[in-house]
Amino acid sequence: MTLLRRTAYSSSASSSILQIAGTFFRAPHSSTAAVAGSTYGVHVFQCPDTVGIVAKLSECIASHGGNIHSVDVFVPEDRRVFYSRSEFVFDPARWPRVLMDNDFSNLSKFFNAKISIVRVPDLEPKHKIGVLASKQEHCLVDLLHEWQDGRLPVDIKCVISSNHERAPNTHVIRFLERHGIPYHCLPTSPGNKREDEILNLVKDTDFLVLARYMQILSGRFLDSYGKDIINIHHGLLPSFRGGNPSKQAYDAGVKLIGATSHFVTEGLDAGPIIEQMVERVSHRDNLRSFVQKSENLEKQCLGKAIKSYCELRVLPYELKKTVVF
Amino acid sequence: MVVAGASSSSSSSILGIASGFFSRALHSSKTSSGPPTAVHGIHVFHCPDVVGIVAKLSECIALRGGNIHSVDVFVPENKQVFYSRCEFVFHPARWPRDEINNDFMKLSKLFNAERSVVRVPYLDPKYKIAVLASKQDHCLFDLLHRWQEGRLPVDISCVISNHVRSPNTHVIRFLERHGIPYHHLPTTPRNKREDEILELVADTDFLVLARYMQILSGRFLESYGKDIINIHHGLLPSFKGGNPSKQAFDAGVKLIGATSHFVTEELDSGAIIEQMVERVSHRDTLQSFVQKSENLEKQCLAQALKSYCELQVLHCDTNKTVVF
């Protein structure tokens, strides 16, 4: 704003001043050229490590007028693997989306990359997710509210619940109706986990969120779905796997309890960990306050994990770990 | 001072007040003549819960001119058990040390207490401890330095190790300087030297395992009979046993921790006293996992010992603690 007003003023000055002024005040015009536009892009890259990757990636962005704002690079001590995440701003007029994909694809081939993903949030559809829940609502409700507040940049395709019927006048059902999000109640039994129906309902999604979904998804389901599934476990893994970890923790007399969000694999509560959070407990806590503190942690931990994932901060690392930039 | 001098020529009533007030002030300033008149005491109590315990305990203290400064009371929701810890100041002239013991003993019997302990740090001997360590030094060092700085109010009877340390190492020179015996008792799978250890620690009030890597048998624990505090370099119950840093590193956790706890026959399973965590990420190597862990172990063990010495730690249920 200030720059534009100065330009108008300098137009009535002498030519020499004008010239200097022009050079100086060319800023507004040059800002659209030197400043690279204001569309925001994120690129993540994983490939075998070698000299020159950062140089080539950054040159690729710069040669199209992109301005890099943030780079995280990580090469582990003992393995020749390269991970990077770059945030940059660019002008889609100068660097159209399709060309961008091609350019990064070329680099990906050049470096034999395992992962090369570019995302331009403003130009692309949001991540489509399916949310699975059971009786416990706190994570589901928190997720829905965060989404409504615009803090969870996803498209919720549907909510699927096992076992638990929610009556039409409950908060969750009314919320989902108001926002046009389908709710599917698929009661499970030991012999039938309704996996085929679930697969059908979620086949268009980009990833799934298990918001205290208490059914175990089979290896077959995981293979068929094929995409990432993020779970929240209400314990500090690997402590207290399985059911009722709050009670397990309470009985164990621990002084810290926690929550863990992780990718789902065939082993129960064993997939790569994305985020963990703790809170102190003491003799003054009873089982109820253990549970309350735990629920609070679960909401925060799951929310953080989903945001990190959507921002392309989470990359698989070795077999059981994650890089979280 | 001046007023006291002036008051010596005033009426007896002012003198009475003045001498009471200023004599206390004079005595409570650091002079070479005897202890301060007001002394700190701590009392912990654990008994079946009934109405009236706090009333009786506080009355007992007040009757003797004791002034209660702090009280923690805890009665669990679902059990009729009472725990309390009281800090008070009193005058030994009005309430002699052995009478304190008697008075609380009466209350202990009245309420059928499981535990009633009173401690007057200024008058009572410090807790006598023995420290057991293996090869890893960091917890032992930290403990010894805190002790030297007066932050660990104990008397270290001896240090026992299954790891040999040569005379010119920091630990050995430190112990020599302070006249603390160091006993090297190498163990083998068949011989854990437990009888010798028992003999060396017979006079101690409790033991500290500062990264002692041998498992003490049930027989040892029964024979010793007193509390043993251990530091485990993992966030129990995760990563019990050996090399928890590596276990944690391989598991890809985002938080690592340390746990101090009482020793029971089962490995790393006794009642937990204190836990601490620190964040780790993909940028951490096994080495930085270990470094962060060592830092946590030192703090966690120190905190546990401090709480224990201040009578803040009480056993609760079979495997838990109340830590006031």
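Not measured: the values here are computed from a predicted model. Because only heavy atoms are used, hydrogens play no part in the values below, and waters and symmetry mates are left out as well, while side chains stay in.
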key: chain B contact via A:Leu237 - which portion, at a heavy-atom distance below 4.5 Å   = backbone
query = Quick one: what part of A:Pro238 sits under 4.5 Å from any heavy atom of chain B, side chain, backbone, both or neither?
reply = both
note = If you tally heavy-atom pairs under 4.5 Å between each of A:Val75, A:Val254, A:Val278 and chain B, the highest tally belongs to A:Val254
query = Side chain, backbone, both or neither: which part of A:Leu315 has an atom under 4.5 Å from a heavy atom of chain B?
reply = neither
message = Under a 4.5 Å cutoff for heavy-atom pairs, which residue among B:Val323, B:Leu314, B:Leu235 has the most contacts with chain A?
response = B:Val323
Can you list every donor-acceptor pair under 3.5 Å that links chain A to chain B?
unit_1: A:Asp72; atom_1: OD1; unit_2: B:Arg283; atom_2: NH2; d: 3.4
unit_1: A:Val73; atom_1: O; unit_2: B:Arg283; atom_2: NH1; d: 3.2
unit_1: A:Val73; atom_1: O; unit_2: B:Arg283; atom_2: NH2; d: 3.3
unit_1: A:Ser239; atom_1: N; unit_2: B:Ser238; atom_2: OG; d: 3.0
unit_1: A:Ser239; atom_1: OG; unit_2: B:Ser238; atom_2: N; d: 3.0
unit_1: A:Ser239; atom_1: OG; unit_2: B:Ser238; atom_2: OG; d: 2.7
unit_1: A:Tyr250; atom_1: O; unit_2: B:Lys320; atom_2: NZ; d: 2.7
unit_1: A:Asp251; atom_1: O; unit_2: B:Asn319; atom_2: ND2; d: 2.8
unit_1: A:Lys255; atom_1: N; unit_2: B:Gln275; atom_2: OE1; d: 2.7
unit_1: A:Lys255; atom_1: NZ; unit_2: B:Thr321; atom_2: O; d: 3.0
unit_1: A:Lys255; atom_1: NZ; unit_2: B:Thr321; atom_2: OG1; d: 2.8
unit_1: A:Leu256; atom_1: N; unit_2: B:Gln275; atom_2: OE1; d: 3.3
unit_1: A:Glu275; atom_1: OE2; unit_2: B:Arg279; atom_2: NH2; d: 2.4
unit_1: A:Gln276; atom_1: OE1; unit_2: B:Lys254; atom_2: N; d: 2.7
unit_1: A:Gln276; atom_1: OE1; unit_2: B:Leu255; atom_2: N; d: 3.3
unit_1: A:Arg280; atom_1: NH2; unit_2: B:Glu274; atom_2: OE2; d: 2.4
unit_1: A:His283; atom_1: ND1; unit_2: B:Val323; atom_2: N; d: 3.2
unit_1: A:Arg284; atom_1: NH1; unit_2: B:Val73; atom_2: O; d: 3.2
unit_1: A:Arg284; atom_1: NH2; unit_2: B:Asp72; atom_2: OD1; d: 3.4
unit_1: A:Arg284; atom_1: NH2; unit_2: B:Val73; atom_2: O; d: 3.4
unit_1: A:Asn286; atom_1: ND2; unit_2: B:Glu77; atom_2: OE1; d: 3.4
unit_1: A:Asn286; atom_1: ND2; unit_2: B:Glu77; atom_2: OE2; d: 2.7
unit_1: A:Lys321; atom_1: NZ; unit_2: B:Phe249; atom_2: O; d: 2.6
unit_1: A:Thr322; atom_1: O; unit_2: B:Lys254; atom_2: NZ; d: 3.0
unit_1: A:Thr322; atom_1: OG1; unit_2: B:Lys254; atom_2: NZ; d: 2.8
unit_1: A:Val324; atom_1: N; unit_2: B:His282; atom_2: ND1; d: 3.2

query = What part of B:Ile273 gets closer than 4.5 Å to chain A, counting heavy atoms only: side chain, backbone, both or neither?
reply = backbone
